[in-house]
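Nothing here was measured: the structure is a model prediction, and the numbers come from that model. Just so you know, ligand 1 is whichever comes first in the structure, and atom 1 is the first atom listed for that ligand.
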Amino acid sequence: MAPVVSGFSKLSKDEKINWLVKHHFNNDKNTIDIIKTYWNSDEKLQQLHDEFTENTISNYYLPFSVAPNFLINNKRFTIPMAIEESSVVAAASKAAKFWQSRGGFNAQVLSTTKVGQVHFTFSGDIEKLNIFFKNIKSDLISSASHITKNMEKRGGGIIDIELRDKSLEIENYYQLHCTFSTVDAMGANFINSCLEQFADFLTKAAAAYIKFSESEKTIEIIMSILSNYVPECLVRASVSCAIDDLPSKDNLTPLQYAQKFVRAVQIAEIEPYRAVTHNKGIMNGIDAVVLATGNDFRAIEAGAHAYASKDGKYTSLTEAKIENNIFHFSIQLPLALGTVGGLTTLHPLVKLALNLLGSPDAKKLMEITAVAGLAQNFAAINSLITTGIQQGHMKMHLMNILNQFQATNEEKQKLVEHFKTNTVTHSEVVLQIEKLRN
Ligand code: MEV
């Protein structure tokens with residue numbers, strides 16, 4: 001077992017690596033080589049990455065890919081995607097190509113409101129608290145003017161603050177439920193700074209409020225933090241086409257294909273075991289764009305899954321239907337994304353990704369990202385209801401298996417050719433490698 005270490009973060013990078021290798025890798029020199037292989041030779045760039053977090057010892061690469069041919073609101077996009085799962089980008093590209101000749105994707109932002117809360121306890125007369133809140137509300141908002149000044153210049157700021165009574169659920173528990181517009185920023189720092197200011201103002205104002213008794217004057221702030229649940233920061237994307245324009249695949253007529261597709265989505269609507277996997281496939285596309293554009297994929301994941309259970313039961317984020325011989329497929333979900341601040345101005349690949357998308361504002365990025373999720377879901381269901389998922393998946397996974405066996409370029413070429421007409425399974429690939437090598 002490694003010994004307890006103090007002051008680890010203050011060690012130099014080399015000292016940290018030496019400690020790690022001594023206590024966890026038996027002083028194995030090869031481990032040091034692996035860590036250093038991923039260092040960037042450009043020292044300034046490496047330092048930039050080192051300083052993103054604490055205790056950085058190396059870089060962890062993900063493939064940075066692009067999926068072309070996305071027609072969104074009549075404009076063509078090549079979408080950047082950072083993801084390791086083999087078949088995701090191929091699936092997105094395939095769906096993009098399919099829909100670009102059928103009118104493309106429509107997308108629109110429905111709302112952009114972000115939320116933050118000050119959670120506090122107050123023991124006393126609720127009516128007095130309500131009156132106190134009404135009295136201080138406008139001063140409470142203006143107490144944050146030094147923080148909101150710049151955001152207001154950009155068209156954003158505080159939308160409202162409500163006092164919410166939660167004392168039936170937890171004794172003496174109340175909230176300031178605050179709503180914000182953060183325009184093109186994701187806004188976490190802005191919101192959290194405002195909330196901490198509100199908390200400070202609230203406690204001081206309560207202590208000075210003459211109509212409060214001594215115990216009422218002591219409001220206890222439990223915490224002040226933004227919420228990643230943003231059901232009013234919503235985007236919708238959709239596709240539609242005549243049934244006859246759908247594929248006739250796997251012995252299915254276009255109508256049978258559409259009906260089977262709709263049935264597959266209905267299953268995800270009513271069956272949580274399926275819904276979670278269905279939505280995971282959607283998040284394959286969404287997270288990849290969120291990561292490539294320097295946004296916080298954990299926030300997006302948490303918000304999306306919470307939204308999927310907003311009616312008390314976890315369900316599909318997409319919907320499909322047939323109406324008047326037209327197939328309709330759509331997604332609606334919250335996406336609190338930013339195109340300014342955070343990594344967007346720091347990480348060279350993030351900057352490149354945003355440039356590739358034509359330097360979108362946050363709303364445009366919400367639309368593009370929702371489309372990536374819808375495309376991913378379309379591709380997954382298309383495979384699931386026809387060939388099955390493994391055919392495409394294993395074809396893309398083939399290269400991973402070949403790399404596991406350190407196949408040479410010549411071996412790769414031969415085996416990729418072989419598996420164009422043969423089913424890829426792990427054991428079959430191993431067999432063919434052995435055959436080649438013998
Ligand atoms: C795999 O990463 C994602 C899928 O399982 C999604 C789905 O089943 O819809 C293929």
Problem - Flag if over 12 foreign heavy atoms under 6.0 Å of NZ, K363 - result: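 No.
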Exercise for the section: Go through ligand 1 atom by atom and flag the ones less than 4.0 Å from a non-hydrogen atom of K280. Expected result: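 It comes down to these atoms of ligand 1: 1 (C), 2 (O).
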Handout entry: R274 N/O to ligand 1 N/O under 3.5 Å
Key =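 Yes, R274 has an N/O under 3.5 Å of an N/O on ligand 1.
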Problem - Which residue and heavy atom of the protein sit nearest atom 3 (C) of ligand 1, plus the separation - result: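 Answer, as residue, atom name and distance: N284 ND2, 3.6 Å.
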Practice task
Inspect the surroundings of CD in Q413 and state if more than 12 heavy atoms from other residues, nucleotides or ligands are less than 6.0 Å away.
Solution key: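 No, because the 6.0 Å sphere around CD of Q413 holds 12 heavy atoms or fewer from other groups.
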Problem - Within 6.0 angstrom of Y61 OH, more than 12 heavy atoms from elsewhere - result: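 Yes, OH of Y61 has more than 12 neighbouring heavy atoms, counting only those of other groups under 6.0 Å.
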Exercise for the section: Quick one: look up the protein heavy atom nearest atom 1 (C) of ligand 1 and list residue, atom name and how far away it is. Expected result: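 Of every protein heavy atom, E85 OE2, 3.4 Å lies nearest to atom 1 (C) of ligand 1.
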Exercise for the section: Measure the distance from atom 10 (C) of ligand 1 to every protein heavy atom, then report the residue, atom name and distance (to 0.1 Å) of the closest one. Expected result: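 Ranking protein heavy atoms by distance from atom 10 (C) of ligand 1, first comes I389 CD1, 3.6 Å.
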Problem - atom 5 (O) of ligand 1 [closest protein heavy-atom partner, distance rounded to 0.1 Å] - result: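 The closest heavy atom on the protein side is T277 CG2, 3.5 Å.
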Exercise for the section: Could you list which atoms of ligand 1 come closer than 4.0 Å to a heavy atom of L384? Expected result: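 Taking each heavy atom of L384 in turn, ligand 1 has 7 (C), 8 (O), 9 (O) under 4.0 Å.
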Problem - Distance-only polar pair, side chains of E428 and Q432, donor-acceptor under 3.5 Å - result: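 Distance-only check passes for E428 and Q432.
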Exercise for the section: Please determine, by modelled atom types, if K351 and N355 share a side-chain donor-acceptor pair under 3.5 angstrom. Expected result: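 Judged by distance alone, the side chains do not pair up.
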Exercise for the section: Answer with yes or no after comparing the ring centroid distance for F261 and F329 against a 6.0 Å cut-off, counting only values under it. Expected result: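 Between F329 and F261, which both carry aromatic rings, the centre distance is below 6.0 Å.
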Exercise for the section: Using a 4.0 Å heavy-atom cut-off, say whether V88 meets ligand 1 through its side chain, its backbone, both or neither. Expected result: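 V88 to ligand 1: no contact under 4.0 Å from either part.
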